[in-house]
Amino acid sequence: MPTRAAFIDSSGEAVFVLLRMPTQPVPRGCVLFVPSFAEEMNKCRRMVTLASLQFVEAGFATACFDFRGTGDSGGELASAGFDAWMNDIDAVARYCGSLGAPVTVMTGIRLGATLAALAALRCPMDLDRLILWQPVLDGRRFADQFLRLRAAVSMMGDGGRVSITQLRKSIEGGEVIEIAGYPTAAGLLRDLDGTVLIDLLKQLVAPVHWFEVTRSDETPTGTPAVRAVEMLREMGKTVEYQAGQGESFWTTTEITTVPWLIDASLRVVAQG
Amino acid sequence: MDTSDRVKRILRDALQLGDRARSMGPATPLMGSIPELDSMAVVTILTMIEDEFGFSIPDDEISGETFATLGSLTGFVEARVGS
């Protein structure tokens, strides 16, 4: 079955898209995967590919892409920001539509989940539902965790410590600083800081399916995610939440997979 | 599951220890004793603690002592989670 790899134009940048079509003439739907950030993207790649193949087997088209400044796409990460990345999602969605596979579901992984929620609000897509894999709830905390990659190297050593606060000050002051090899600039930092997932989800109409991978077989209680889901439900939002045991595949040193998550996501996608 | 169990599971997850985590107790040394526990792993563990327990860890609250033993790390978390 044709798998198309293409570079499409997104407001002047070349964005890499991989579109997999099912064998049937008309796909049952199209699932757009919105990738995670930096090293997480590399570690999630196998899960996304496995899910993609399983969905195609079930009759769905799937689209995977790299945001500008990441992966195989053009552009510089230091020039990227959420507005530009929304353009990228929009361009990818239009590309899918032009090939007979309009996007019906977005599956966002980690920061990609947060970005998918933003895209669901900003980009014209006729979405049946939004699937979130271990979403990032708070952009500022996520940014601090990312900056810590650089701060931590000094943390455990004998030399001078560079703190997250100092890194922020430098970046906000206009410096582009490499964090674990990723050139990080003020625009992206600002966008991350201003992003709170629950504020996006509370504006959404499409049903949300929130998945978490946990370290025990007990259903989590009182965690930030569980509390966010409860808050959204109190607001009248349709949020399904499912947690299951597995390794934190977006961050483990050795690439790991969580098969139940793919199976459960396919069940959601197949709801139509 | 108490805090100590949750912290142990975080270590098991972050360091992919598998069954090695089973025998860990409060006195089990971490930093310097577990080869996988490098600065990258420290970052992963701090992130997991933040995301699981829902609080932010400022830079100046971490030192080598925090990761001395499972007990010291658990104590660090317990002090911030609130009673």
Side-chain angles (χ1 to χ4, degrees), chain A residues 38-40 43 110 134-138 140-158 161-168 179-180 212-228 243 245-256 258, chain B residues 1-22 24 30-68 72-73 76-77 80-83:
Chain A
E39 269 315 293
E40 290 193 9
K43 291 172 190 281
R110 294 284 297 144
Q134 205 77 22
V136 167
L137 276 79
D138 185 310
R140 177 173 280 272
R141 178 172 288 165
F142 181 78
D144 282 347
Q145 291 167 346
F146 180 62
L147 293 174
R148 190 181 279 138
L149 287 169
R150 174 124 179 186
V153 176
S154 66
M155 206 184 279
M156 297 293 133
D158 305 318
R161 295 170 66 131
V162 57
S163 68
I164 293 171
T165 314
Q166 283 167 314
L167 287 169
R168 277 184 167 277
I179 309 292
E212 295 241 304
V213 179
T214 58
R215 287 176 272 270
S216 83
D217 49 18
E218 289 171 23
T219 306
T221 55
T223 60
V226 167
R227 284 188 279 114
Q245 197 167 11
E247 288 186 81
S248 303
F249 63 89
W250 58 93
T251 195
T252 48
T253 311
E254 303 295 322
I255 305 295
T256 51
V258 181
Chain B
M1 211 186 343
D2 66 11
T3 303
S4 178
D5 281 330
R6 288 166 79 184
V7 171
K8 200 161 139 174
R9 282 176 189 265
I10 285 173
L11 290 170
R12 182 176 181 268
D13 190 10
L15 305 174
Q16 291 177 289
L17 297 175
D19 285 338
R20 284 158 61 194
R22 243 179 242 279
M24 291 176 79
L30 302 179
M31 187 62 73
S33 299
I34 303 179
E36 294 91 335
L37 186 51
D38 56 12
S39 59
M40 280 298 300
V42 165
V43 172
T44 303
I45 291 163
L46 293 176
T47 293
M48 287 183 174
I49 288 172
E50 287 182 326
D51 289 350
E52 165 111 8
F53 294 98
F55 63 86
S56 285
I57 303 171
D59 283 335
D60 54 11
E61 291 184 18
I62 299 288
S63 70
E65 281 81 62
T66 312
F67 283 85
S72 62
L73 187 58
F76 173 86
V77 174
R80 282 153 186 81
V81 165
S83 37

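Sequence lines set the chain letters: A, B, ... in the order given, protein chains first and strands last, and positions in each chain run from 1.
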Point-to-point distance, once rounded to the nearest 0.5 Å, from CG of B:L73 to CD of B:E65: 13.0 Å
From B:S56 atom OG to A:R140 atom CZ, the distance as rounded to the nearest 0.5 Å: 9.5 Å
Part of B:L15 lying under 4.5 Å from any heavy atom of chain A: neither
Chain A interface, residue from B:E36, B:M40, B:M48 that has the most non-hydrogen pairs under 4.5 Å: B:M48
Selection from B:D51, B:D5, B:T44 maximising heavy-atom pairs under 4.5 Å formed with chain A: B:D51
Using 4.0 Å as the upper bound for N to carboxylate O, is an ion pair formed by [Y] and [X]?
| X | Y | result |
| --- | --- | --- |
| B:R22 | B:D19 | yes |
| B:E52 | B:R9 | no |
| B:E50 | A:R148 | yes |

A:E247 portion near chain B, given a 4.5 angstrom heavy-atom threshold: both
Under 4.5 Å from a heavy atom of chain B, the part of A:T256 involved: side chain
Chain B interface, residue from A:I164, A:T165, A:T251 that has the most non-hydrogen pairs under 4.5 Å: A:I164
